[in-house]
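Chain identifiers are assigned alphabetically (A, B, ...) following the order of the sequence lines, protein sequences preceding nucleic acid strands; residue numbering begins at 1 within each chain.
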Number of protein chains: 2
Amino acid sequence: MISQTMEDYLAAIYRVEGPTHRATTGAVARRLGVSAASASAMFHKMADSGLVRYREYLGVTLTASGRLQATQIVRRHRLAERFLTDMLGIGWERVDKVADQMEHALPEEVTESFARVLGDAARCPHGYPIPSTSGEVAVRETVSLAELATGGGGQVAWVSEDDPVVLATLARRGLVPGAEVHVLVGAPGAKRRVVQVEGRAAVSLQMGLLQAVAVEVAMDARP
Amino acid sequence: MISQTMEDYLAAIYRVEGPTHRATTGAVARRLGVSAASASAMFHKMADSGLVRYREYLGVTLTASGRLQATQIVRRHRLAERFLTDMLGIGWERVDKVADQMEHALPEEVTESFARVLGDAARCPHGYPIPSTSGEVAVRETVSLAELATGGGGQVAWVSEDDPVVLATLARRGLVPGAEVHVLVGAPGAKRRVVQVEGRAAVSLQMGLLQAVAVEVAMDARP
DNA sequence: AACATGGTTTAGAGACGACTAAATCATAGG
DNA sequence: CCTATGATTTAGTCGTCTCTAAACCATGTT
Ligand SMILES: [Mn+2]
Ligand SMILES: [Mn+2]
Ligand SMILES: [Mn+2]
Ligand SMILES: [Mn+2]
């Protein structure tokens, strides 16, 4: 049996480590709101349990076993979120916190019931892919709205989900997964940029909001 | 903030202490699968937090504050159970364990959404009353099938929910909340008794099963 | 009235997961 | 190539919850 805490570390590592990237102590600690010392100690225990490979001072990588368990936790998390928004009508800015608890409570049978009644949803309400039971995920190449080339645009793939205030603002601006968006004014990395969503009037958004939006650039517009 | 462990103690005390009965260290410890020493230590902390009154060697009683919080945990637990059986089709012998986790994860908003989509259910799948938001419960006078007078009968009010095997057996025998049941043969307290459910053929049940069934005796047949 | 018994509390200790402060390492700039 | 800097690890504690073993108390029996 794996502790709830260790499950949270697993999911955090999964989300931090990109396809190439290693999950560093600091990045995981930051995501979990925990000191780097605590993360370091936990990395040792997880390595002993065969969940990660740990190269000191460099960070961890999930093993096959660790990766499979991580995807299952993330699957439970995102299915729970979908359920909360779709079936209970809870606002998307509040579901992450609840799902963060539920992800540890749902046995296989309940998880798959969720999937069934939700029609095998492919994404969480924030746009992130829901891993399959075997751990596969649909990968998409994205660029944050902050870094997108001026004049460029695409479809919103997902939005960062950890700040409820940001989420509420994004929803009000129409910046939800699936929306078409274009950058009209402002260089990549600028403090503010003017963007246009679908048929709406253009709005100026600041850094924090821009960084929270991941855009899938149209095939022919890739850098 | 109150710990998940303390919440479990609160609910256990609530369920152990009858209208008159005091919740004793041993009874609470047994219900939580914990040593008496652990329960004793926790009682001190809960008394310090104003959740219970503690009379050493005699047990605890919930304070007004403790009782209110306990009913809210039990409300979440039982609504979660109803949701799992009614909306997801999970078997009633498995829902208690899942609800035991979910009861700590559901904020007010989600709990009341459950209540709404369930049409303000009055009982959990095992027949226990669901406390209202203000903590009120419908009281019913019951006698266990083991103690019911020979020849007597009534309506099944609720069944003990902690043993999945017992629950599965009871369901197979038709001994579910609402069923009419009569004791045909066997003295109160006997190892086995013959009972009849609704229109079914009479069956002989052993102690363990008999004790698990609480029967509401018809008004005119009260002892 | 004394005592035996069983339940309860205390004593002592361990697992887990968090923290701060201090030491250590990797690496980018000079 | 060397060093300054920032990230990481270690050392030392703490809080929470658990346990077993031993001491203690309330109770009913003799
Ligand atoms: Mn979590
Ligand atoms: Mn999400
Ligand atoms: Mn619980
Ligand atoms: Mn129940």
- Item | Side-chain touch B:Met102/A:Met102, heavy atoms, less than 4.5 angstrom |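 The answer is yes, as the side chains (C-beta and beyond) meet within the 4.5 Å cut-off.
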- Please examine the side chains of A:Pro188 and A:Arg193, heavy atoms only from C-beta on, and report whether any two atoms are closer than 4.5 Å.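 Side-chain contact under 4.5 Å: yes.
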- Of A:Leu58 and A:Lys45, whose nearest nucleotide on DNA chain C comes first from the 5' end?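 That would be A:Lys45.
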- Query: Along DNA chain C, 5' to 3', what are the outermost nucleotides having an atom less than 4.0 Å from a heavy atom of chain B?
  - Reply: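 Terminal contacting nucleotides, 5' to 3': C:dG7 to C:dT10.
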- With the threshold set at 4.0 Å, does a side-chain nitrogen-carboxylate oxygen contact exist between B:Glu81 and B:Arg123?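 A salt bridge is absent here (no side-chain N lies under 4.0 Å from a carboxylate O).
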- Task: State the OG-CD distance between A:Ser132 and A:Gln72, to the nearest 0.5 angstrom.
- Result: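 Those atoms lie 9.5 Å apart.
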- Message: By the 4.0 Å heavy-atom rule, please label B:Phe43 as base, sugar-phosphate, or nothing.
- Response: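 Here B:Phe43 touches no strand at all.
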- Query: If you look at every strand shown and take non-hydrogen atoms under 4.0 Å, does B:Ser38 touch a base, only sugar-phosphate, or nothing?
  - Reply: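 The residue B:Ser38 makes base contact.
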List the atom pairs, donor and acceptor, that lie under 3.5 Å between side-chain atoms in residues 109-118 of chain A and the rest of the protein, sequence neighbours left out.
{"unit_1": "A:Glu109", "atom_1": "OE1", "unit_2": "B:Arg94", "atom_2": "NE", "d": "2.9"}
{"unit_1": "A:Thr111", "atom_1": "OG1", "unit_2": "A:Pro107", "atom_2": "O", "d": "3.1"}
{"unit_1": "A:Glu112", "atom_1": "OE1", "unit_2": "A:Arg75", "atom_2": "NH2", "d": "2.7"}
{"unit_1": "A:Glu112", "atom_1": "OE2", "unit_2": "A:Arg75", "atom_2": "NE", "d": "3.4"}
{"unit_1": "A:Glu112", "atom_1": "OE2", "unit_2": "A:Arg75", "atom_2": "NH2", "d": "3.4"}
{"unit_1": "A:Ser113", "atom_1": "OG", "unit_2": "A:Glu109", "atom_2": "O", "d": "3.1"}

- Item | Boundaries of the chain B footprint along DNA chain D (any atom under 4.0 Å from a heavy atom) |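 Contact span on the strand: D:dT16 to D:dC25.
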- What orientation do A:Tyr54 and A:Phe43 show, parallel under 30°, tilted 30 to 60°, or perpendicular over 60°?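 Ring orientation, 0 to 90° scale: perpendicular.
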- Task: Could you tell me if the ring centre of A:Phe83 sits under 6.0 Å from that of B:Phe83?
- Result: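 A:Phe83 vs B:Phe83: aromatic centres under 6.0 Å.
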- Query: Residues two or more places apart in sequence or in another chain: which of them pass side-chain contact (heavy atoms from CB on, under 4.5 Å) with A:Asp100?
  - Reply: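 Applying side-chain contact (heavy atoms from CB on, under 4.5 Å) to A:Asp100 gives A:Asp8, A:His77, A:Asp96, A:Glu103.
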- Message: Using a 6.0 Å distance limit plus a 45 degree cone around the ring axis, check whether B:Arg31 lies over the aromatic ring of B:Tyr9.
- Response: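 No; the conditions do not both hold, so B:Arg31 does not lie above the ring face of B:Tyr9.
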If you look only at distance, which donor and acceptor atoms sit under 3.5 Å apart when one is on a side chain in residues 44-51 of chain B and the other is two or more places apart or in another chain?
{"unit_1": "B:His44", "atom_1": "ND1", "unit_2": "B:Ser40", "atom_2": "O", "d": "3.3"}
{"unit_1": "B:His44", "atom_1": "NE2", "unit_2": "B:Glu56", "atom_2": "OE2", "d": "3.4"}
{"unit_1": "B:Ser49", "atom_1": "OG", "unit_2": "B:Lys45", "atom_2": "O", "d": "3.0"}

- Task: List in numerical order all residues of residues 28-37 of chain A for which some heavy atom is under 4.0 Å away from an atom belonging to DNA chain D.
- Result: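 Contacts with DNA chain D under 4.0 Å: A:Ala36, A:Ala37.
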